[in-house]
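From a predicted model like this one, the values you see are computed outputs, not experimental measurements.
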Amino acid sequence: MLKRWITAWPLSALLVWLAAWLTHTALLGLGREAAVAGAALAGGLLALFYERRWRRLIAALGFPVSALALGWQSGAPALLWLLPLLLLWWLYPRRSWSEAPLFPTPRGALERLPGLAPLPPGARVLDAGCGVGDGLRELLHAYPQARIEGVEWSRPLAWLARWRARGAVVRQGDLWADDWAPFALVYVFQRPESMPRVWAKACAEMTPQGWLASLDFAVPDVAPVASWQLPGGQFVWLYRPGRYAASKPAN
């Protein structure tokens, strides 16, 4: 029960950070150094309940990072750490946290796509969950004659992506509610857990000529048309989902 409660992301991360600060307050009578050490230890132990490494890091580093940012030796009120947290919540709302972390597409990651998945001029290409626009910029470079579009759930991130990728059409919206049928290629940078859902949606909606490109995470139990490794160790996976029947999504 405790593990189920603490892994309810991202609310549980906020509770881990709050527990660390409450520990810090409770231990202040033993001295500031003991309070800081105890709070950091409490946050680190609670973070061990997470299975994903990046979630462990976020939960464990919440207290020490906020303490350093506030300059805890100056006696600043501990609850001030909630202000940057609220800003982060506004920029990157709960639904986005539960689907995919905000990591950029590396420069040059998609430069091999045109040779493997050629598209006619004017073809529509979608970055589903475009974040701040790094993937859009790579798609604009790879397919200069295509119509590059992006959809992003976070309105502030969509604004930023629109500003950074000037040649793309970016809108705020739900990538899962979008119809992928009009797109010749859909690019995603999701999580391993969401790839079966991505595949099922692509198979159900895309045409036999459509392409699905995924950064980092492969579709389970489906052979890609092509894949290649980037200098940083990440992989790009390329699929033809429209050739699969909608009744045979990956499980």
Side-chain angles (χ1 to χ4, degrees), residues 54 92 96 99-154 157-171 173 175 178 180-192 194-199 201-203 205-244 250:
W54 65 272
Y92 201 29
S96 299
E99 289 181 354
L102 184 61
F103 292 126
T105 298
R107 182 171 297 181
L110 308 180
E111 61 185 10
R112 293 184 59 182
L113 273 180
L116 296 166
L119 301 180
R124 295 177 66 184
V125 175
L126 176 67
D127 184 345
C130 61
V132 297
D134 293 276
L136 290 171
R137 296 172 74 172
E138 294 304 311
L139 290 169
L140 286 166
H141 178 73
Y143 295 107
Q145 303 301 318
R147 178 182 175 184
I148 308 301
E149 304 177 36
V151 59
E152 169 57 44
W153 180 256
S154 167
L157 296 185
W159 291 340
L160 184 57
R162 191 177 297 116
W163 177 77
R164 295 185 69 230
R166 300 295 178 89
V169 177
V170 182
R171 53 194 165 78
L175 70 92
D178 261 16
W180 290 1
F183 296 100
L185 185 145
V186 174
Y187 169 67
V188 296
F189 186 8
Q190 280 289 311
R191 296 189 306 159
S194 59
M195 288 309 297
R197 187 180 180 187
V198 167
W199 181 246
K201 179 175 177 62
C203 289
E205 299 178 5
M206 298 187 73
T207 68
Q209 293 75 36
W211 299 90
L212 174 70
S214 173
L215 178 63
D216 247 2
F217 306 117
V219 176
D221 304 319
V222 177
V225 174
S227 65
W228 59 95
Q229 188 172 18
L230 304 178
Q234 295 173 286
F235 277 85
V236 178
W237 307 86
L238 185 62
Y239 301 91
R240 297 298 295 270
R243 294 182 175 178
Y244 288 76

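Not counting sequence neighbours, Arg166 has no partner by the side-chain hydrogen bond (donor to acceptor under 3.5 Å, both in side chains) test.
In summary, the side chains of Tyr187 and Ser214 do not present any donor paired with an acceptor at a separation below 3.5 Å, with no hydrogens or angles considered.
Residues Asp127 and Glu149 form no side-chain contact, since every pair of their non-hydrogen atoms from C-beta on lies 4.5 Å or further apart. Considering only heavy atoms from C-beta on, Val186 comes within 4.5 Å of Met206 through its side chain. Counting heavy atoms from C-beta on, the side chains of Pro182 and Leu126 never come closer than 4.5 Å.
Salt bridge Arg171/Asp178: present, at least one basic N to carboxylate O contact under 4.0 Å. With respect to Asp134 and Arg164, a salt bridge is recorded, a charged nitrogen being found less than 4.0 Å from a carboxylate O.
Rounding to the nearest 0.5 Å places CG of Asp221 at 12.5 Å from CE of Met195. If you take OG1 on Thr105 and CG on Leu139, they are separated by 7.5 Å, rounding to the nearest 0.5 Å.
Panel note: side chain Arg162, backbone Val170; a donor-acceptor pair is recorded below 3.5 Å. Of the possible polar contacts, one joining the Arg240 side chain to the Gly210 backbone as a donor-acceptor pair under 3.5 Å is found. Glu152 places a side-chain N or O within 3.5 Å of a backbone atom of Gly131 that can act as its donor or acceptor partner. Distance alone, capped at 3.5 Å, places no donor-acceptor pair between the Gln234 side chain and the Gln229 backbone.
Across all their heavy atoms, Val236 and Ala109 have their closest contact at CG2-O, 3.6 Å. Annotation for Leu185 and Ala117: closest pair CD1-CB, 4.2 Å, computed over non-hydrogen atoms. Annotation for Gly135 and Leu110: closest pair O-CD1, 4.3 Å, computed over non-hydrogen atoms. Residues Ala128 and Val151 approach most closely at CA-CG1, 3.9 Å, considering heavy atoms. Smallest separation of non-hydrogen atoms from Ala184 and Leu119: CB-CD2, 3.8 Å. Leu212 approaches Ala202 most closely through the heavy-atom pair CD2-CB, 4.3 Å.
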task = Tell me, with the steps shown, if Leu113 and Tyr143 meet side-chain contact (heavy atoms from CB on, under 4.5 Å).
result = CA-CA 9 Å; Leu113 273 180; Tyr143 295 107; 3.5 Å; yes
task = Decide side-chain contact (heavy atoms from CB on, under 4.5 Å) for Gln190 and Leu175; before the verdict, give the C-alpha distance in whole Å, the side-chain angles of both, and the deciding distance to 0.1 Å.
result = CA-CA 11 Å; Gln190 280 289 311; Leu175 70 92; 3.7 Å; yes
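Residue pairs meeting the ring-ring contact (aromatic ring centres under 6.0 Å, His included) criterion with at least one partner in residues 219-243, sequence neighbours excluded, are Trp199-Tyr239, Phe235-Trp237.
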